[in-house]
Amino acid sequence: MSHMPIRPPASPAPSSMASETDDTTVRATWGSRLGFVLAAAGSAVGLGAVWKFPYVVGAHGGGAFLMIYLACVLTLGVALLLAEMTIGRLTGKSMTTALRALGGRRWAWVGRIATFNAFAILSFYVVVGGWTVAYLWRAVTGGILANDTDRLVGEFSAFISDPAASLGSMGAFLGLTAVVVAAGVQKGIERAGKWLMPAFFLLMLLVIARALTLPGAMAGVAWFLTPDFSAISGGTLIEALGLAFFSLSLGAGMIVAYGSYLPSDARLVGSAVWVATLATLACCLAGLMILPAVFAFGVAPDAGPGLTFITMPAIFAQMPFGHLVAIAFFLLLLFAALTSAVSLFEPVTAFLIDEYHWHRRSAVTAVLGATLVFGAPAALSFGVWSDIRIFGRTIFGLMDYVTVNLLMPAGGLCVAYFVGACIWPTARSVLDGSRSQWFAPLWRLLLLALTPVAIVGVWYQGL
Ligand code: TRP
């Protein structure tokens, strides 16, 4: 049952920015296809690549994990990116409103849960975002570089367990995110992504060049690239699948929200492939930057969530102008993390605006406050609350595991079924007239066969 008109595929796209605070105005669109790809890739490329990917690969045995991760991205990753873009593009609405418009009231629940998931991810994401702020600050004020990894481990632990430092930096990061979201779609997100992401990739290449020439680094490269399938367990599969979702920003309504700003003539398949490529490239670059250095400096690859923050300063200490490189690196990482955090913040804000007709400003304030409340326990669980264990995990660990490894794939499963079965003729029409029409049957196969089999199979193995 449809409560709202669905945008016809051929309607002319509004090209100018308009306010999104009420439904009567024309919804803004991206200035160009490149704008959308870069914004979506800006969402995808963030702490997931630079912080999460290296330590998860490190904890799960290297090359084999990488292969499974890549297989997930290339198959269900691309199919689901396209599915979420289609939902957004067809309705011009954020997840909940869009699902209700296309599929009726019951489907709105999937949207609500996905939106809640985006919020839950944001709540722990800002903790790590805060670490980035703090390390940038330390890079600027000096004293970050050190060859001695024991000292770096000690400094990292001291910082994350200090309540004032971790809460303060988390608040700073969250505040920055809220400011960007309050400023609006195109201005805030698109402009930043266009220049900073390429700059970040270039800087990573520079750091990789140094990391690879460290004595002993090649052992890390071999470990990262050579699959050893005996290291694979059910738990590994769950982590690889979750990481694929996380690094592509899938399963939480984010791509739907960005896709809702797509003009009707956008070429979706190409955009999906581009976003997936850039996101995976960022992960691989981060892996090549951190893991060789981990081996060269004798850090344990399974050192956990601090791996990147412990290893990077040691690499910078080995570089000419290391101090400046450190500042540039943490600055660009901060921007990358911000564009991702914005993309978690935005769907939640858009939910309040589209569903309840809130003004953007009140919606932003509400999300900001709620994230502070939920993020604080996650931050404290590295220090004063580290003894609190739920199912054997810290508060942070539990939020991470449930949202990334369970709720995101669950969201993906629903979206796959929704697009592949419930609205297939409409969804398919999005590819009409485009060069990618051949992709439609393959897309449906991925959505209806591979995605459920992979997700349910991985859960069965892993849980
Ligand atoms: N992909 C981002 C990263 O790797 C995190 C992220 C941003 C995200 N938006 C999302 C994850 C939406 C899931 C859903 O840093």
Side-chain angles (χ1 to χ4, degrees), residues 38-57 69 72-73 77 80-81 83-85 88 94-95 111 113-132 173-174 177 180-181 189 192-193 196-197 200-201 204 239-259 275-287 305 308 332-351 367 371 399-412 414-415:
L38 284 177
S43 154
V45 176
L47 296 170
V50 180
W51 156 72
K52 203 176 205 327
F53 181 82
Y55 93 77
V56 176
V57 176
Y69 163 80
C72 291
V73 167
L80 286 171
L81 273 176
E84 288 202 17
M85 282 159 70
S94 57
M95 184 91 152
I113 293 169
T115 310
F116 173 78
N117 195 27
F119 166 71
I121 295 173
L122 179 68
S123 301
F124 76 80
Y125 204 84
V126 293
V127 174
V128 185
W131 299 354
T132 315
F173 181 80
L174 180 58
T177 310
V180 177
V181 174
I189 307 168
L196 295 169
M197 202 180 7
F200 191 45
F201 277 66
M204 281 207 276
E239 293 284 342
L241 182 74
L243 193 59
F245 274 85
F246 189 79
S247 65
L248 295 180
S249 303
L250 281 175
M254 155 9 235
I255 303 281
V256 176
Y258 277 26
V275 173
T277 308
L278 289 173
T280 351
L281 187 64
C283 287
C284 293
L285 289 180
T308 297
L332 288 172
L333 179 60
L334 177 61
F335 274 108
L338 258 182
T339 50
S340 302
V342 161
S343 81
L344 288 161
F345 203 117
E346 168 65 25
V348 188
T349 312
F351 170 80
V367 178
T371 311
M399 284 166 88
D400 182 354
Y401 190 83
V402 172
T403 55
V404 173
N405 295 345
L406 304 180
L407 285 177
M408 292 212 312
C414 295
V415 165

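Quick note: residue numbers are just sequence positions, from 1. Note that the coordinates shown come from a computational prediction; the quantities given were computed from them, not determined experimentally. Atoms within each ligand, like the ligands themselves, are counted from 1 in listed order.
Looking only at heavy atoms of the protein, atom 6 (C) of ligand 1 is closest to S249 OG, 3.5 Å. Of all protein heavy atoms, the one lying nearest to atom 1 (N) of ligand 1 is F246 O, 2.7 Å. Of the protein's non-hydrogen atoms, A44 O, 2.9 Å is the one closest to atom 4 (O) of ligand 1.
Results of the side-chain contact (heavy atoms from CB on, under 4.5 Å) test with F245 over L80, V404, L407 single out L80 as the only residue that passes. Among T339, L332, L334, the single residue meeting the side-chain contact (heavy atoms from CB on, under 4.5 Å) criterion with L196 is L332.
A donor-acceptor pair under 3.5 Å links the side-chain atoms of T177 to the main chain of F173, judged by distance alone.
The option from L344, L248, I121 that lies nearest to atom 10 (C) of ligand 1, judged by heavy atoms, is L344. Evaluated by nearest non-hydrogen atom to atom 2 (C) of ligand 1, the leading choice among G46, S343, S43, G48 is S43.
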Next item on the list: Please test F201 against L281 for side chain to side chain contact (heavy atoms under 4.5 Å, CB included), starting from the C-alpha separation and ending with a verdict.
Entry: CA-CA 9 Å; F201 277 66; L281 187 64; 3.6 Å; yes

Next item on the list: Would you please test F119 and F351 for ring-ring contact (aromatic ring centres under 6.0 Å, His included) and show each step?
Entry: CA-CA 11 Å; F119 166 71; F351 170 80; over 10 Å; no

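Close approach of ligand 1 to M254 (heavy-atom distance below 4.0 Å) involves ligand atoms 9 (N), 12 (C). Within ligand 1, counting atoms from 1 as listed, the ones closer than 4.0 Å to a heavy atom of A252 are 14 (C).
Side chains of S94 and P347 form no contact here, defined as non-hydrogen atoms less than 4.5 Å apart.
At least one heavy atom of Y125 sits closer than 4.0 Å to an atom of ligand 1. Under the 4.0 angstrom criterion for non-hydrogen atoms, M408 is in contact with ligand 1.
T280 and Y69 are not linked by any side-chain donor-acceptor pair at a separation below 3.5 angstrom, with hydrogens and angles left out of the test.
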